[in-house]
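Before any comments, here is the structure.
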Amino acid sequence: MEYKFSEIEEKWKRFWAEKEIYKVTENSSKPKYYVLDMFPYPSGAGLHVGHPLGYVASDIYARYKRLKGFNVLHPMGFDAFGLPAEQYAIETGTHPAVTTEKAIKRYREQLDKIGFSFDWSRAVKTSDPSYYKWTQWIFLKLFGSWYNRELNKAEPLASLIQKFETSGCMEWSQHDKNDHPEFTAQEWMSFSHEQKEGILMYYRLAFLSYAEVNWCAALGTVLANDEIKDGKSERGGYPVERKRMRQWFLRITEYSDRLLEGLEKLDWSESMKDMQRNWIGRSEGALIDFRVLTPSPSPKERGTYVVPNFMNGRADVSAQNIIHAKSNRQNPTKAEAVLWEELRGNKLGFKFRRQHLIDKYIVDFVCLEKGLVVEADGSIHALTKEEDAIRTSVLVEKGFHVIRFTNDEILNSTKGVLEQIKTKLESLGDRNTALISGDEDDTSGIINPEALSSAEGLGEEHLKVFTTRPDTIFGATFLVIAPEHDLVTWLTTPEQKTEIDNYITYVKSRTDVERQQEKRVTGAFTGSYAINPFSGEQIPVWIAEYVLAGYGTGAIMAVPADDERDKKFAEKSGLPIVEIIDKSMHPGATIEDKVGKMINSDFLNGLEVKDAIKKILDKIEELGIGERKVNYRQRDASYSRQRYWGEPFPIRYEIVGKADAAFADEGESNDIPIPLDVASLPLVLPEVSSYKPTGDGKAPLANNADWLKNGYETDIMPGYAGSSWYFLRYMDPHNPEVFAAKDKIDYWQNVDLYLGGSEHAVGHLLYARLWHKFLFDLGYVGTDEPFKKLVNQGMIQGVSKFVYRSANRPDVFVSQTRLEGKDVTTDELAALGIQSFDELGALSEIHADVSFVEDGVLDIEAFKKWRTDYTKAKFLLSADGKYHCGSAVEKMSKSKYNVVNPDDVIGKYGADCFRMFEMFLGPLEQSKPWDDKGISGVYNFLRKFWRLFYSDGGEWKVTNDEPTAAEYKILHKTLKKVSEDIERLAFNTCVSSFMICVNELGSLNCHKKKVLEPLVIALAPLAPFITEELWAALGNSSSVHLASFPTIEEQYLVENSFDYPVSINGKVRAQVAFALDLAQEEIKQQVLALEQIQKWTNGAEPKKFIFVKGKIINVVV
RNA sequence: GCCGAAGUGGCGGAACUGGUAGACGCGCACGACUCAAAAUCGUGUAUCGAAAGGUGUGUGGGUUCGAUUCCCACCUUCGGUACCA
């Protein structure tokens, strides 16, 4: 009987589904094992042969574990929210749910054909309200939690509020002055609801903040940095601009250390861990204060000035960078902060903005409606009365009224000040807007140092630098700050102004790519000097683009003797270099290596670098000029998307004043987010009149009037929301009460083996770890890491095929062997209707669909039918009369016409063959091109296996005879090798061993049940269909997949002799069999007596005789 | 640049802990069966050489009785990351 895979596979596929044999429950005494594949996004294009590679591997593993007596959870589902369906909706009007449903159906059909053992009853879909109800629920938990750094875990906000109520935030190490001013418990109790909410927002793990983002108007969305290529959107190539927006964020930075430490315990590849480590980018160092000498004439004397508007249109500074840069700015004065808390959010019944640009001045606070400017004056203003007068007169001219208060007034009699402001507001009519000059909202270009709170005090400035090498401070001969640094204007002296302006113009003109590729360092001198706190020397302050505004403090101390870039910069700019480390004891050490002895460094002299770092850090802290500081590259994760097809936020706003524009400036939107009641979840994604964004920055949800009326958040959650916790839902997928019941979570715990592509290294895998750790902190899960073992399968690449088309004669295609145009006969030329080969001009490579090509030869007829413009194509063939194609290994993609659909392969060879061939292709983790040349080998194997059971005539050949020792040996050798290979996921060699086994049994003409039946079980994980058929034919009534893996009986594997290779000086010269229990002396004598060995030793005693039992004999002469 | 992975026949790859390099499969060649073809089965297949023997795992060194495996330097390819102080 022939092996008819299509009948067999159809039959058992139905059987498995009907009997639900892959359904798994928690009521089991067996040990659990959780095998998971990364969540697929069901794209409309369906699966290609690359996609199932990991699924096949995990399926084999899951099936094997089941046979080995584990209760295996092996689920599958769909990450169903996403941009492609939404993009399609925008183009065609089809609801994304419809598109997604269709794609899922197609995926499911394709997956079913391959014979996976998924428990489909547990399938989840992120776009299902019963699923995203819990995504929203977790979000609310994040929103309602803060990170307690003392206990190093997240806690519900209640504990924080209690803390504030009992002791305020005085002397609290977790309090950051940049966020909000210090307050006592009494003050906290007196704060308004809005004030309290404002402060709590600095602690919530899901929080609102203002950030500049990469706004792509055409796509109507904010893009991640990696979605931007050359300043344009990756998808579509639309322009990208920078906009400030109110966004949700997850405070992942609180978890940086734990995410880093957690890696140590995980069974992940080093490269994967490294990617996460690099992403988090922890570096230990110090913040050091450098006092800056006030330039002469001082900025106060110079008044205001304009710097180029370099912050616009720059795509490289991410939203997070900006937040960070902001925190690097000098603090607002306490008085300003206090007053702002009272003015913001329409508290006085009028809307105030702060740090607002009017004409060329930035005012502290302004109510535009009434035209009232409120200025908070530091002591500095006492000295600059005249200038303030000019400033006031300009403002009055523009239709503004100005009232001023001193810091003392504001702090000591806040109520009185507010009364005055209120009275003033009420006395004023609406402002005469005709007086206002154009773009008053553009605050980007002009900075008035008067308006910067940093100018408070007596005009002394400090530059904070971050360094990982504080030991080198005696070699710090200049400072470099980012061109975007706030103090650039303040520091620039009139003499240097032109140079600085020119440099900033230059920086602004450079694209990201140019800036990245540039190895040359460039910069400009500000004209100002700072004081090295240790050497006491005056050192110049430069700006240079190699210092980034978004990292550290945006300022560095340059140590040209010990830093490659600083050195280049110093050499180029003629700055002094002071050697501070003697590396003569470390030949070969590079300039950056942390080794050597300190020199020219005062009290550090003679110390090793490591010790010097410790000593200087102690000193810095003792002198109060800086502190130890750990810096991270990682930023808080942006969590808002201005799109439609995603999870709505379970948030509505208590609208304070008018509805805000999307591109709100800091402090403009005072709406207070209110979490929805858990009982009202899910907040279902509404229908909208258009899937397009509104154009003014509002997400498509703003197209639904009811939604707006209810004050719901119009942004949606990002793609990673649903996939950050789906592995938990599989444990209890239909529970309407909780995201997963505690007893089920306790049973399944976490994922034992996780398979997926390495492209998720820092996205999904980091966020999922964050969520899991958060849920762990709150006690919802019992493990603090979600994925114990992670394996990345390699990609299957496509093999593209090319035809070569003439530029001058687009109907003519030249075979790959004849591109040179040599030996082309006149007949051939005539057939093409040309005189000479050169008339064809350039020959361009064009992708031909791989389905038309077999063994490199093009099926010309199929190719002609492919496209209408090819119907009349003419071909210049090779000498063998065939058209040969060129080929190249590329990414498998539709656009390259190199996609191979698994359905086609299965139709031709069957699913078992497809599965085994995918595995046979090579190591799982390695990328490899798809080439079905070898598939016949696997197909032959399956048929050979089949023929052990059935003759060609269809007779059953299996006998009940007792196998011989040799036959048992083949069986148990194979069982051993196969289980070892599956355990270490070496499926390619596993397939090989089955082939060897079948070849050996074939040559022994073995058809014995006692050998074949165990083999059927062992092969079942790899080839589930054929084994099920044969298992039934062997007389079993239950499924082979519910059987037990056969016991390996070592007794058949015991060897009593070994065929030793005997080498002379490492070269094999003879093969001799010896009993394994023979003594070395005995063997030595026999070996030396051998004729082949005598030939080399000439009878002399060898220099050395090496004997490794069961391995090798080596004679050294 | 930095971090990581990898370089082995005509091709995919094997050799897991330093112990017979090239398992297994493809392809190719020859043979058997057949009127013939397909299918199947068998034999051979790193390379130079008639043979003896020599040479061979990206290149050059080293350690070792013995190295694809360990060490040093370099080259190439792929992936990640990018002026991170």
Side-chain angles (χ1 to χ4, degrees), chain A residues 2 226 269-275 277-279 281-283 285 465-469 472 480 482 515-521 544-548 550-559 562-566 568-569 588 592 631-634 758-759 761-762 792 794-795 797 855 889 917 920-923 925-941 943-944 947 952 977 980-981 984 986 988-996 999 1002-1003 1059-1071 1102-1108 1110-1117:
Chain A
E2 232 184 301
D226 61 352
S269 70
E270 266 318 299
S271 64
M272 189 60 54
K273 290 185 189 179
D274 275 340
M275 277 188 226
R277 287 189 192 113
N278 291 341
W279 186 261
R282 183 181 201 272
S283 52
V465 304
F466 175 73
T467 176
T468 53
R469 294 295 304 275
T472 62
V480 189
R515 250 178 111 160
Q516 278 168 22
Q517 283 171 350
E518 184 65 82
K519 292 293 162 224
R520 198 161 48 98
V521 284
E545 62 175 332
Y546 79 86
V547 175
L548 306 177
Y551 185 75
T553 60
I556 63 162
M557 61 177 215
V559 184
D562 212 55
D563 181 279
E564 200 62 56
R565 285 161 326 186
D566 295 347
K568 271 194 201 167
F569 194 78
E592 315 269 344
N631 216 357
Y632 298 92
R633 203 184 73 111
Q634 182 178 41
S758 56
E759 66 271 23
V762 285
N792 298 114
M795 271 204 310
Q797 294 141 317
D855 283 338
V889 173
F917 180 61
F920 189 60
L921 228 39
E925 297 180 72
Q926 223 165 283
S927 286
K928 53 238 156 186
W930 174 266
D931 185 351
D932 53 15
K933 250 194 341 205
I935 198 165
S936 60
V938 175
Y939 190 58
N940 284 344
F941 158 79
R943 288 190 307 174
K944 277 188 208 170
R947 281 203 303 273
D952 291 344
K977 173 85 172 119
E980 281 169 3
D981 282 351
R984 64 190 178 101
N988 53 334
T989 51
C990 180
V991 175
S992 295
S993 349
F994 275 115
M995 288 173 168
I996 294 168
N999 288 346
S1003 55
D1059 228 8
Y1060 284 94
V1062 182
S1063 348
I1064 305 294
N1065 295 339
K1067 284 272 166 203
V1068 182
R1069 299 294 175 182
Q1071 293 274 340
K1103 258 193 207 157
K1104 213 166 181 180
F1105 184 84
I1106 286 139
F1107 170 76
V1108 183
K1111 295 267 184 185
I1112 200 170
I1113 295 167
N1114 192 11
V1115 183
V1116 185
V1117 295

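Letters A, B, ... are given to chains in the order of the sequence lines, protein chains preceding strands, and every chain is numbered from 1. Because only heavy atoms are used, hydrogens play no part in the values below, and waters and symmetry mates are left out as well, while side chains stay in.
- In this structure, A:R984 and A:T989 have side chains that are in contact, with non-hydrogen atoms separated by less than 4.5 Å.
- At a cut-off of 3.5 Å, with distance as the only test, no side-chain donor of A:D562 or A:T472 sits close to an acceptor on the other residue.
- Note that CD1 of A:I1112 is 9.0 Å distant from CD1 of A:I1106, once rounded to the nearest 0.5 Å.
- Across all strands shown, B:A46 pairs with B:U55; the Watson-Crick or G-U wobble distances both stay below 3.5 Å.
- Within the 3.5 Å criterion, the main-chain N or O of A:F920 finds no donor-acceptor partner in the side chain of A:N988.
- At least one donor-acceptor pair closer than 3.5 Å links the side chain of A:T467 to the backbone N or O of A:R469.
- With both pairing distances under 3.5 Å, B:C16 is matched to nothing as a Watson-Crick or G-U wobble pair.
- Of the inter-residue distances, the one linking A:N999 atom CG with A:K944 atom NZ reads 4.0 Å to the nearest 0.5 angstrom.
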Please list, for nucleotides 46-50 of chain B, all pairs of protein and nucleotide N/O atoms separated by less than 3.5 Å.
none

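- Atom CG in A:N1065 sits roughly 13 Å away from atom C1' in B:U64 (whole-Å rounding).
- Side-chain nitrogen and oxygen atoms of A:R565 include at least one within less than 4.0 Å of the OP1 or OP2 phosphate oxygen of B:C84.
- For B:C11, the paired nucleotide is B:G25, the pair qualifying as Watson-Crick or G-U wobble because both relevant distances are below 3.5 Å.
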> Reading nucleotides 35-40 of chain B from the 5' end, what letters show protein touch, with B for base, S for backbone sugar-phosphate only, - for no heavy atom under 4.0 Å?
Replying inline: ----SS
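- Base orientation of B:G4: anti, the glycosidic angle falling outside 90° of 0.
- Nucleotides B:G13 and B:A23 are separated by 10 Å at their C1' atoms, to the nearest Å.
- Base pairing of B:A32 is made with B:U40, judged by Watson-Crick or G-U wobble geometry with both donor-acceptor distances under 3.5 Å.
- Looking only at side-chain heavy atoms (C-beta outward), A:P1102 and A:V1116 stay at 4.5 Å or farther from each other.
- Formation of a donor-acceptor pair under 3.5 Å by the A:S269 side chain with backbone atoms of A:M272 is found in this model.
- Straight-line distance between the C1' atoms of B:G22 and B:U45: roughly 12 Å, to the nearest whole Å.
- Within the 4.0 angstrom heavy-atom criterion, only backbone atoms of the sugar-phosphate kind lie near A:S936; the bases stay farther away.
- If you measure from atom CD of A:E545 to atom P of B:C83, you get 11 Å, rounded to the nearest angstrom.
- Between A:F1107 and A:Y1060, a ring centre-to-centre spacing shorter than 6.0 Å is recorded.
- Taking atom C1' in both B:U76 and B:G31, the straight-line distance is 43 Å, to the nearest Å.
- At B:U81, none of the side-chain N or O atoms of A:R633 fall inside 4.0 Å of OP1 or OP2 (strictly under the cut-off).
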Using nucleotides 53-55 of chain B, report all nitrogen or oxygen pairs with the protein that are shorter than 3.5 Å.
| from | atom 1 | to | atom 2 | distance (Å) |
| --- | --- | --- | --- | --- |
| B:G53 | OP1 | A:K1095 | NZ | 2.9 |
| B:G54 | OP1 | A:R1069 | NH2 | 3.3 |
| B:G54 | OP2 | A:R1069 | NH1 | 3.0 |
| B:G54 | OP2 | A:R1069 | NH2 | 3.4 |

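- With both ends at atom C1', the span from B:U47 to B:G56 equals 7 Å, rounded to whole Å.
- Spacing between B:G9 and B:C48 at atom C1', rounded to whole Å, works out to 15 Å.
- Between A:Y546 atom OH and B:C83 atom P there is a gap of 14 Å when expressed in whole angstrom units.
- Taking A:R943 as the reference, nothing meets the salt bridge (Lys or Arg N to Asp or Glu O under 4.0 Å) condition, with sequence neighbours excluded.
- Going from atom OG of A:S758 over to atom CD of A:E925 covers 10.0 Å, rounded to the nearest 0.5 Å.
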> Can you give one letter per nucleotide of nucleotides 6-18 of chain B, 5' to 3': B if a protein heavy atom sits under 4.0 Å from the base, S if only from the sugar-phosphate, - if neither?
Replying inline: ------BSSSB--
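- The backbone N or O of A:R282 lies less than 3.5 Å from no partner atom in the side chain of A:R633, so there is not a single donor-acceptor pair.
- Aromatic rings from A:W930 and A:F917 are positioned such that their centres are separated by under 6.0 Å.
- Listed nucleotides: B:C83, B:A85, B:G19. Nearest to the side chain of A:T467: B:A85.
- In this entry B:G1 has B:U81 as its Watson-Crick or G-U wobble partner, both defining distances falling under 3.5 Å.
- Comparing the same atom, P, in B:U68 and in B:G18 gives a spacing of 13 Å after rounding to whole Å.
- A donor-acceptor pair is defined here as one N or O able to donate and one able to accept, closer than 3.5 Å; such a pair exists between the side chain of A:K928 and the backbone of A:Q926.
- Rounded to an integer number of Å, the gap from A:R469 CZ to B:A85 P is 11 Å.
- The CE atom of A:M275 sits 11 Å away from the P atom of B:G4 (whole-angstrom rounding).
- Comparing A:F466 and A:P1061 against RNA chain B, the residue whose closest nucleotide sits nearer the 5' end is A:P1061.
- In this structure A:D563 satisfies the side-chain contact (heavy atoms from CB on, under 4.5 Å) test together with A:R565, A:D566, A:E592, sequence neighbours excluded.
- Checking A:V1115 against A:S271, the closest nucleotide of RNA chain B that is more toward the 5' end is the one next to A:S271.
- Going from atom CG of A:D563 over to atom P of B:C83 covers 14 Å, rounded to whole Å.
- Annotation: the span from A:F569 atom CZ to A:I556 atom CD1 amounts to 8.5 Å, rounded to 0.5 Å.
- Taking atom CG of residue A:L548 and atom P of nucleotide B:C83, one finds them 6 Å apart after rounding to whole Å.
- Whole-Å rounding puts the A:E759 CD to B:C78 C1' distance at 15 Å.
- Backbone-only engagement by A:I996 is indicated by non-hydrogen atom pairs under 4.0 Å involving sugar-phosphate atoms exclusively.
- For the C1' atoms, the distance from B:U40 to B:U57 is 36 Å, rounded to whole Å.
- Among the protein residues, A:N999 comes within range of the sugar-phosphate backbone only, with heavy atoms under 4.0 Å from sugar or phosphate atoms but none that close to a base.
- Atom P of B:G42 sits at a distance of 10 Å from the matching atom of B:G25, rounded to the whole Å.
- A heavy-atom distance below 4.5 Å is found between the side chains of A:Y551 and A:N631.
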